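Below: one structure, written as structure tokens.
Fair warning: this is a prediction, and the values are worked out from it, not measured in the lab.
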Amino acid sequence: ASVANPTALLRYLTDQRITLSESELMTFDFIAQGTLPSISFDAGEAAWAVGYERRDYNLKTSTPARAGPTATNALTNIHNGDLYPCLIPEQNETAAGRAACASNPVGLFMFLAPTFESDQEQDVDALFAELALPVSDELDVQLAIRYEDYGNVDSVDPKVVVRYSPTDTVTLRFTGQTTFRAPHPDETSRTRVTALQYVNQTGAFKAVDLTGNTNLEPEEATTYNIGLITDFGTDNWTATLDYYNFEFDNPILNENHQQLVDAYHGGGAAKAAIQSQIFGGSDLVNDGSFGVGDLARIQSNFVNGPKTETDGLDLFIKYDTDFANGMLSAGMEANMIFDYSVAAYNVGGSQVAAAYECAGYFNINNTCRSMPDLKSKAFINYDADSHNFYGAINYISSYQDRRDDVEVTAHTTLDATYTYSWDDFNMSFSAYNLTDEQPPFTSWEMSYDPNTHSPLGRYLKVGFTYNMQ
């Protein structure tokens, strides 16, 4: 048509941005082990192991200045945050103009945040020692200690494992340890990753910039679990029951964008604490001068989050018996979360988000994932010569959506698999979600919870395996 835009104009309107990311990992491991005849028990000699590990990680991000699609297009580094931090092109032409935008580097692309070139290294040295003590036929003890050095931070973490069999039918086990995790270079990088997230107060999706933080401290945890293993005094039954408890200090996580907006909307000290991360108004400022309805983008930082504690129970039970020239097995497994509590989140001494419980909730507006408090599976399997039949009932308990106090209903599906084997070959035919159950409805983007349920309904799978000798 005579009013159509020429191809050259359309090409000019579409700039090209290129980011090159390179990562390298080098590891070195050394382990020595042996026995200690001088430390001997009725059940045997003590055994030892020591080792050293070295891990060198390099992450490099660059924005090459290549020619654009046409001679009039910008170079392909137009998204470089050091060269083009400002929304207004003219402001990027001088050092003073770029400096003025450095505290809020929105860049030229409005929605997509600029990229900052970087060349980061993380070198980790670790030493560890382990000691196995076969105290008696009924009691085994393992002691271990690990030292890790990240250059600027280090940690010493002990571990204790105890296994005790008071009878032939019951074994008790215990593991207790501390763990340590330093920030990854991705979590401290200046480069932002822009996501699209729904904001309740605006009724719309807004840009959320996931931003690194050079001031992150290591994450630490204290964990233990107590378990029981039994065969009930028979050759047919196997059962395990484990209680676990994890306590996280300074967990490394992304701030939840909705919690930030809620604090801004609430006003007072909480708003003042985070208003530099909320951008909006006609000039895209972050001085708190605009209402929440004019919000445009949110900066969600990697932070050391509030203390988090969780505990729960893992159960596994199985019964095996001979049946019709084959082996018939039936059983169940389940995970129950008793508690997953997150302490209040404070910024600069001001509370941004109150403490909350995650177990049993949708958790769409906080830092937790969706968390039904019970997931279980009952299964049956029959194996005879070349034929194997397997069936399972999968169950996910209901959980609450706190936004409108609506229940996400429980969900049950059926799976079945038949496998035929001959020589070194296996052929399997599987049907998942046999009754074609739809995922429970949730008030979210796709009307279901993608972190917990599948939208696929019934689907079939055919597999073929060859075992190479």
Side-chain angles (χ1 to χ4, degrees), residues 187 195 197-206 208-211 213 215-217 219-222 245-280 286 288 290-295 297-312 336-373 397-408 442-444 449 451-452:
E187 297 165 336
Q197 300 285 1
Y198 184 81
V199 177
N200 293 341
Q201 289 85 346
T202 65
F205 289 85
K206 299 295 180 179
V208 177
D209 296 329
L210 309 180
T211 307
N213 180 358
N215 296 317
L216 284 177
E217 297 179 2
E219 173 182 303
E220 298 178 344
T222 301
N245 185 291
F246 299 160
E247 183 177 301
F248 299 93
D249 290 310
N250 289 329
I252 299 173
L253 47 81
N254 264 122
E255 294 172 302
N256 180 264
H257 73 283
Q258 187 61 58
Q259 289 182 334
L260 296 175
V261 176
D262 289 345
Y264 185 88
H265 185 52
K271 175 182 177 180
I274 54 88
Q275 72 179 26
S276 63
Q277 297 172 240
I278 308 296
F279 301 89
N286 61 341
F290 55 91
V292 71
D294 294 323
L295 181 151
R297 68 189 307 121
I298 305 157
Q299 179 179 317
S300 169
N301 297 323
F302 278 101
V303 296
N304 290 111
K307 184 176 182 178
T308 301
E309 298 182 61
T310 182
D311 68 334
M336 292 162 278
I337 304 175
F338 297 149
D339 172 71
Y340 198 109
S341 57
V342 180
Y345 176 49
N346 298 287
V347 176
S350 299
Q351 181 175 296
V352 171
Y356 52 91
E357 172 64 37
C358 295
Y361 292 98
F362 189 23
N363 297 317
I364 202 66
N365 289 334
N366 57 46
T367 58
C368 289
R369 57 175 174 81
S370 301
M371 200 173 296
D373 49 22
S397 66
S398 63
Y399 50 106
Q400 291 295 120
D401 185 345
R402 269 183 287 225
R403 295 172 300 169
D404 44 19
D405 197 27
V406 172
E407 181 183 72
V408 181
T442 59
S443 298
W444 197 231
D449 177 4
N451 295 313
T452 304

N/O donor to acceptor pairs below 3.5 angstrom from side-chain atoms of residues 298-307, sequence neighbours left out:
residue : atom : partner : partner atom : Å
Gln299  : OE1  : Arg192  : NH2          : 3.2
Gln299  : NE2  : Asn301  : OD1          : 2.8
Ser300  : OG   : Glu255  : N            : 3.4
Ser300  : OG   : Glu255  : O            : 2.5
Asn304  : OD1  : Glu217  : N            : 2.7
Asn304  : ND2  : Glu217  : O            : 2.8
Asn304  : ND2  : Asn250  : O            : 3.0
Lys307  : NZ   : Glu247  : OE2          : 3.2

- CD of Glu407 to OG1 of Thr442, rounded to nearest 0.5 Å, is 13.0 Å
- Query: Do Met371 and Tyr361 have side-chain heavy atoms sitting under 4.5 Å apart?
  - Reply: no
- Message: Just so I know, are the side chains of Ser443 and Asp404 near enough to count as touching, which here means a heavy-atom distance under 4.5 Å?
- Response: yes
- Query: Hey, does Ile278 have a side-chain heavy atom less than 4.5 Å from the side chain of Leu295?
  - Reply: yes
- Item | Exercise: do Gln259 and Asn365 side chains pair donor with acceptor under 3.5 Å | no
- Message: Atom CG of residue position Asp405 - does it have more than 12 heavy atoms of other residues, nucleotides or ligands inside 6.0 Å?
- Response: no
- Indicate whether any N or O donor in one side chain lies under 3.5 Å from an N or O acceptor in the other, for Asp209 and Gln277. no
- Item | Straight-line distance of Arg297 CZ to Asn286 CG, nearest 0.5 Å | 11.5 Å
- Message: To the nearest 0.5 Å, what is the distance between CZ on Phe362 and CD on Gln400?
- Response: 12.0 Å
- Query: How long is the gap from CZ on Arg402 to SG on Cys358, to the nearest 0.5 Å?
  - Reply: 6.5 Å
- Note on the structure: To the nearest 0.5 Å, atom CZ of Phe279 lies from atom NZ of Lys206 at 14.5 Å
- Donor-acceptor pair, Asn256 side chain versus Asn366 backbone, under 3.5 Å? yes
- So, does Gln258 use its side chain to make a donor-acceptor pair with the main chain of Ile364 at under 3.5 Å? no
- Is the Phe246 to Tyr340 ring centre distance short of 6.0 Å? no
- Message: Given 3.5 Å as the limit, does a donor-acceptor pair link the side chain of Glu357 with the main chain of Ala359, or not?
- Response: yes
- Does Gly293 offer a backbone N or O that forms a donor-acceptor pair with the side chain of His265 under 3.5 Å? no
- Message: For Asp449 and Tyr399, which I'm curious about, is there any donor-acceptor pair between the side chains at under 3.5 Å?
- Response: yes
- Tyr356: what forms a ring pair (Phe, Tyr, Trp, His ring centres under 6.0 Å) with it, not counting sequence neighbours? none
- Message: Quick one, Asn200 with Val261, criterion side chain to side chain contact (heavy atoms under 4.5 Å, CB included). Give me CA distance, side-chain angles, the key distance, then yes/no.
- Response: CA-CA 9 Å; Asn200 293 341; Val261 176; over 6 Å; no
- Message: Which heavy atom of Pro372 sits nearest to which heavy atom of Thr452, and what is that distance?
- Response: CG-CG2, 3.8 Å
- Item | Inter-residue atom distance Gln201.CD - Asp262.CG, 0.5 Å rounding | 5.0 Å
